[in-house]
There are 2 protein chains.
Amino acid sequence: MNKEEKAKYETRVKVLKALAHPARLKLIDVLAEEDEVCVCDLTDAIGTDMSTVSRHLTQLKNAGIVESEKHGQMVFYRLKVKCLTGLFGCIESVVEGHIKSQLKVLS
Amino acid sequence: MNKEEKAKYETRVKVLKALAHPARLKLIDVLAEEDEVCVCDLTDAIGTDMSTVSRHLTQLKNAGIVESEKHGQMVFYRLKVKCLTGLFGCIESVVEGHIKSQLKVLS
DNA sequence: CCTATATTTGGCTAAAGTTGCAAATAAGCA
DNA sequence: TGCTTATTTGCAACTTTAGCCAAATATAGG
C-alpha cells in the first residue's frame, strides 16, 4: 500500500470508527428522528455520564457526521449526513446473511 | 436503552468494527476485484505479517463479510457481501461534506 | 514417514479507546 | 456580582485492539 492508498483508507476508517459504538449509533438514531437535540436530552437517551455523551458527540462531529450550534447555554446537535439509512440497510443485510449461514452450518 | 435495543446496536457495531481498519478495507477491495484469493497473496497486498492478515480475515469472517474455503493446504477467501460499494459511497460523502464545511470555516 | 509450505493460534507488548469524577468554561438569571 | 445550569476538558483506571515472533496444525509431495 502506497501513501495515497493508505490515506484513502484512513479517511474511511475515521468515519467507520466514529460509527462503531452502540452509544453513538443510538445518538444517530435519536438525531435522525428529532432533528435538533441538546446534550442533556441525548444524555437521557443514552444513560451514561453527560461528559461521556459529550465526548461521543465530539467524535461524531470530528468525523463529519453531525454538526452543532449553540443557543444560549445549550448546544444543539443535528445530523449532517442523510445516507446513513442505506448504510445501515447494508449492515443489516450483512448481519442477516451471517446468521442464516450460521444456521446452515448448525443444521 | 433496553436489552433488545442494545443488542440491535451491538450487532451493527460488530460489522462496523470489522470494517474500521485500513488493512481490512484493503482486503475487502482486493477481494472485490479478484473474487477468490489465498491468504499468502493477501499478505503481499497488505504488507504485514501473515499471522496478522490471518487475524484480520478471521475478524471479517466473524462479522459475516467474507467466507472461506480450503483447497489443499491453502485457504481461499471470498467477499460475501455485495452492498459495500454503496456503503463506501455514503462514507465518502461524509468525508467530502466534512472537508467542504471545514474549508467554509477557514474562509 | 519425513519434509516443506500454508495457515492459524498463543503469548507478549505497545497503542488506542472508554468512562466516571472532578474541575474548568460559558451563559442565563436574580 | 454571585449563583445556577449546560457543556466540555483533564486525569486516571480499565478494556480492547494490533502486531510480531514462535509454536502448533494441516496438507501435499517425495
Side-chain angles (χ1 to χ4, degrees), chain A residues 1 5-6 9-28 30-31 34 36-79 105, chain B residues 1 6 9-28 30-31 34 36-63 65-79 105:
Chain A
M1 282 202 284
E5 199 181 11
K6 204 168 179 179
Y9 291 123
E10 296 284 3
T11 50
R12 287 185 183 180
V13 164
K14 200 173 149 193
V15 177
L16 287 164
K17 275 193 179 177
L19 293 172
H21 191 288
R24 294 195 288 272
L25 290 182
K26 171 72 177 175
L27 286 171
I28 289 170
V30 174
L31 290 173
E34 310 239 0
E36 253 206 352
V37 195
C38 65
V39 180
C40 52
D41 286 347
L42 291 167
T43 300
D44 295 340
I46 301 299
T48 56
D49 199 272
M50 183 184 272
S51 67
T52 301
V53 175
S54 175
R55 275 185 232 269
H56 283 314
L57 288 165
T58 303
Q59 282 186 67
L60 290 173
K61 194 175 169 182
N62 287 336
I65 297 166
V66 306
E67 55 193 356
S68 67
E69 202 169 339
K70 192 162 192 174
H71 294 306
Q73 34 182 178
M74 287 150 106
V75 177
F76 290 89
Y77 281 85
R78 204 178 19 246
L79 202 56
V105 168
Chain B
M1 280 203 284
K6 205 168 177 178
Y9 291 122
E10 297 284 2
T11 49
R12 287 186 184 179
V13 164
K14 200 173 149 194
V15 177
L16 288 165
K17 274 193 177 174
L19 294 172
H21 190 287
R24 293 194 290 271
L25 290 182
K26 171 70 177 177
L27 288 171
I28 289 170
V30 174
L31 291 173
E34 310 240 358
E36 251 205 355
V37 194
C38 66
V39 180
C40 52
D41 286 348
L42 291 167
T43 300
D44 295 340
I46 301 299
T48 56
D49 199 273
M50 183 183 271
S51 67
T52 302
V53 174
S54 176
R55 274 186 231 268
H56 282 313
L57 288 166
T58 302
Q59 280 186 69
L60 290 173
K61 193 175 170 182
N62 286 338
I65 298 166
V66 305
E67 55 192 357
S68 67
E69 201 169 340
K70 190 163 192 173
H71 294 306
Q73 36 183 178
M74 289 150 103
V75 177
F76 290 90
Y77 281 85
R78 203 175 23 243
L79 202 57
V105 168

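Every chain is numbered from 1, with letters handed out A, B, ... down the list of sequences.
Nearest heavy atom pair, residue A:Ile28 against residue A:Leu60, reads CD1-CD2, 4.0 Å.
B:Asp44 places a side-chain heavy atom less than 4.5 Å from the side chain of B:Asp41. Side-chain contact check for A:Val37 versus A:Leu27: every heavy-atom pair is 4.5 Å or farther apart.
Looking at the side chain of A:Lys17, the nearest of the listed nucleotides D:dG19, C:dG17, D:dT17 is C:dG17. Which of C:dT8, D:dG19, D:dT8 sits closest to the side chain of A:Val75 comes down to D:dT8.
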5' to 3', nucleotides 21-27 of chain D under a 4.0 Å protein heavy-atom cut-off (B base, S sugar-phosphate only, - none) gives B----SB

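Taking the screw axis at each terminus of the helix from C:dC1-D:dG30 to C:dA30-D:dT1 from five consecutive base pairs, the angle between the two is 10° to within rounding of 10 degrees.
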Which side-chain N or O atoms in residues 12-21 of chain A pair as donor and acceptor under 3.5 Å with protein atoms at least two apart or in another chain?
unit_1: A:Arg12; atom_1: NE; unit_2: B:Glu92; atom_2: OE2; d: 2.7
unit_1: A:Arg12; atom_1: NH2; unit_2: B:Glu92; atom_2: OE2; d: 3.4
unit_1: A:His21; atom_1: ND1; unit_2: A:Ala23; atom_2: N; d: 3.1

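The main-chain N or O of B:Ser54 is found under 3.5 Å from a side-chain atom of B:Thr58 such that the two form a donor-acceptor pair.
Each of A:Thr58 and B:His56 has a nearest nucleotide on DNA chain D; the 5'-most of these lies closest to A:Thr58.
Using a 4.0 Å cut-off, no side-chain N or O of A:Tyr77 falls inside it from OP1 or OP2 of D:dA6. Within the 4.0 Å cut-off from OP1 or OP2 of D:dG19, at least one side-chain nitrogen or oxygen of B:His21 is found.
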